[in-house]
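Working notes, structure below.
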2 protein chains.
Amino acid sequence: MPLARLMAMAFRSLIDDLHDRLRARGITDVRPAYGFVLLYLRDHDATAREIAELMGTSKQAASKLIGAMEGAKLVRRAPHPTDGRAHRLALTRRGARLLTTVETIYRELEDEWAEVIGAPAVASMRADLLAVLRARNDGELPPVRPGF
Amino acid sequence: MPLARLMAMAFRSLIDDLHDRLRARGITDVRPAYGFVLLYLRDHDATAREIAELMGTSKQAASKLIGAMEGAKLVRRAPHPTDGRAHRLALTRRGARLLTTVETIYRELEDEWAEVIGAPAVASMRADLLAVLRARNDGELPPVRPGF
DNA sequence: GTGAACTAGTCAACCTTGTTGACCATATCA
DNA sequence: TGATATGGTCAACAAGGTTGACTAGTTCAC
């Protein structure tokens with residue numbers, strides 16, 4: 001069985017578990033892509049161009065995604081401090097709360113994975129994936145884009 | 001960084017590398033989904049319903065995918081031996097050759113991954129992912145469906 | 001043996017999310 | 001200062017998915 005299929009199924013499993021648990025908490029208007037953007041905004045000021053790079057999509061698709069998240073009141077567009085063309089994205093209060101929930105659920109899921117395969121194995125998997133992805137992408141991480 | 005993002009990037013990397021190498025061999029009319037179906041047909045007689053289960057899509061989407069592969073002369077639909085409603089899918093000669101190429105490239109990629117993180121780490125990653133996916137899916141593997 | 005219930009696969013219509021190239025305003029650079 | 005580049009949006013389009021209805025065939029209870 002190729003690693004690609006394993007990665008696809010692992011991704012599927014994690015995303016489905018995440019969204020099942022969000023729904024169990026009454027959060028039903030969140031697309032899978034939102035989680036990646038929220039986590040990115042935790043650590044970065046970002047523009048639409050950077051979200052396009054993160055997700056591996058066109059600027060237009062990123063703009064639409066941001067628009068949808070704005071509509072769900074998870075982010076807001078602020079003027080960029082130094083570039084009149086660009087927006088700076090910021091988390092709203094609702095967005096920050098959702099980010100916290102997503103992080104909590106991801107920790108639960110990884111704890112459950114650790115129960116099956118052991119915490120050292122989870123840590124190794126993470127470190128190995130980071131190493132091989134950076135090695136194959138000039139030291140950077142590739143985009144998120146998991147689809148066909 | 002959540003495991004989901006790592007899995008998404010790993011999947012992306014493998015699929016992009018696979019298709020880059022297929023194109024380098026002059027094979028340009030293959031969608032990423034085809035590889036999963038070809039590998040499945042290596043080991044199973046399959047019907048459209050089973051391809052839908054494999055891919056985690058509707059019967060209609062599976063039917064369309066099979067139709068596209070039939071059009072690319074990778075598979076053919078044969079009458080089912082015992083069920084007059086169903087088709088039995090078979091690889092064509094071209095499909096069998098492409099399967100061999102896909103398998104070869106996947107072995108190359110996994111060898112390259114092993115160069116970065118070590119062959120034991122690749123084997124552990126594979127075994128751990130299989131274990132955790134089966135544990136979380138009643139002993140079965142979940143569908144492939146990597147997209148949002 | 002028969003009829004009800006179920007299933008495999010297809011149909012047409014629709015939906016979601018992506019891409020493309022043009023465009024405008026702004027920034028950068030020679 | 002003018003040429004080039006960029007950030008983001010626009011409208012139109014594309015790919016691949018879903019849905020519910022449908023037909024033909026299968027299974028099952030009686």
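Values below: every heavy atom of this structure, side chains too, minus hydrogens, waters and symmetry copies. Note on naming: letters A, B, ... go to the chains in the order of the sequence lines (proteins, then strands), and numbering restarts at 1 for each one.
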* To do: With salt bridge (charged side-chain N to carboxylate O under 4.0 Å, His left out) as the test, would you mind laying out the steps for A:R107 and A:E103 before giving the verdict?
  => CA-CA 6 Å; A:R107 274 198 295 280; A:E103 284 176 311; 5.4 Å; no
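- Atom-to-atom, CD of A:Q60 to P of D:dT9 comes out at 8 Å; the value is rounded to the nearest Å.
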For residues 118-136 of chain A, which side-chain donor-acceptor pairs fall under 3.5 Å, sequence neighbours excluded?
{"unit_1": "A:S124", "atom_1": "OG", "unit_2": "A:P120", "atom_2": "O", "d": "2.9"}
{"unit_1": "A:R126", "atom_1": "NH1", "unit_2": "B:M1", "atom_2": "O", "d": "2.4"}
{"unit_1": "A:R126", "atom_1": "NH2", "unit_2": "A:E110", "atom_2": "OE1", "d": "2.3"}
{"unit_1": "A:R126", "atom_1": "NH2", "unit_2": "A:E110", "atom_2": "OE2", "d": "3.3"}
{"unit_1": "A:R136", "atom_1": "NE", "unit_2": "B:D17", "atom_2": "OD2", "d": "3.1"}
{"unit_1": "A:R136", "atom_1": "NH1", "unit_2": "B:E112", "atom_2": "OE1", "d": "3.1"}
{"unit_1": "A:R136", "atom_1": "NH2", "unit_2": "B:D17", "atom_2": "OD2", "d": "3.0"}
{"unit_1": "A:R136", "atom_1": "NH2", "unit_2": "B:E112", "atom_2": "OE1", "d": "2.9"}

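- Using a 4.0 Å heavy-atom cutoff across all strands shown, A:T57 reaches sugar-phosphate atoms only and no base atom.
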* Asked: Hey, mind stepping through A:R5 and B:L54 against side-chain contact (heavy atoms from CB on, under 4.5 Å) and telling me if it holds?
  -> CA-CA 10 Å; A:R5 184 174 163 191; B:L54 169 73; 3.7 Å; yes
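- Separating the CZ atom of A:F148 from the C1' atom of C:dT19 is a distance of 19 Å, rounded to the nearest angstrom.
- Looking at heavy-atom distances under 4.0 Å, A:R88 makes no contact with the nucleic acid at all.
- Across all strands shown, A:H87 has heavy atoms under 4.0 Å from sugar-phosphate atoms exclusively, and none from any base.
- Taking atom CG on B:L89 and atom P on C:dG9, their separation rounds to 8 Å, with Å as the unit.
- Considering only heavy atoms from C-beta on, B:R31 stays 4.5 Å or farther from A:F148 through its side chain.
- Side chains of B:L14 and B:W113 form a contact here, defined as non-hydrogen atoms less than 4.5 Å apart.
- Rounded to whole Å, atom P of C:dT17 lies 9 Å from atom CG of A:L65.
- For the pair A:T47 (side chain) and A:R88 (backbone), a donor-acceptor distance under 3.5 Å is absent.
- Nucleotide C:dA12 holds its P atom 16 Å from the NZ atom of B:K59, rounded to whole Å.
- Evaluation of atom-type donor-acceptor distances gives a pair under 3.5 Å for the side chain of B:R85 against the base of C:dT7.
- Residues from residues 26-50 of chain B with heavy atoms under 4.0 angstrom of DNA chain C, sorted by number: B:T47, B:A48, B:R49.
- The 5' end of DNA chain C is approached more closely, in terms of each residue's nearest nucleotide, by B:K64 than by the other of B:K64 and A:D83.
- Looking at heavy atoms from C-beta onward, A:E108 lies out of side-chain contact with A:D111 at the 4.5 angstrom threshold.
- Contact check, B:R77 against C:dT10: a side-chain N or O comes under 4.0 Å of OP1 or OP2.
- For the pair B:I51 CD1 and D:dG17 C1', the computed distance is 17 Å after rounding to whole Å.
- In this entry the distance linking NE2 of A:H80 with C1' of D:dT9 reads 17 Å, nearest Å.
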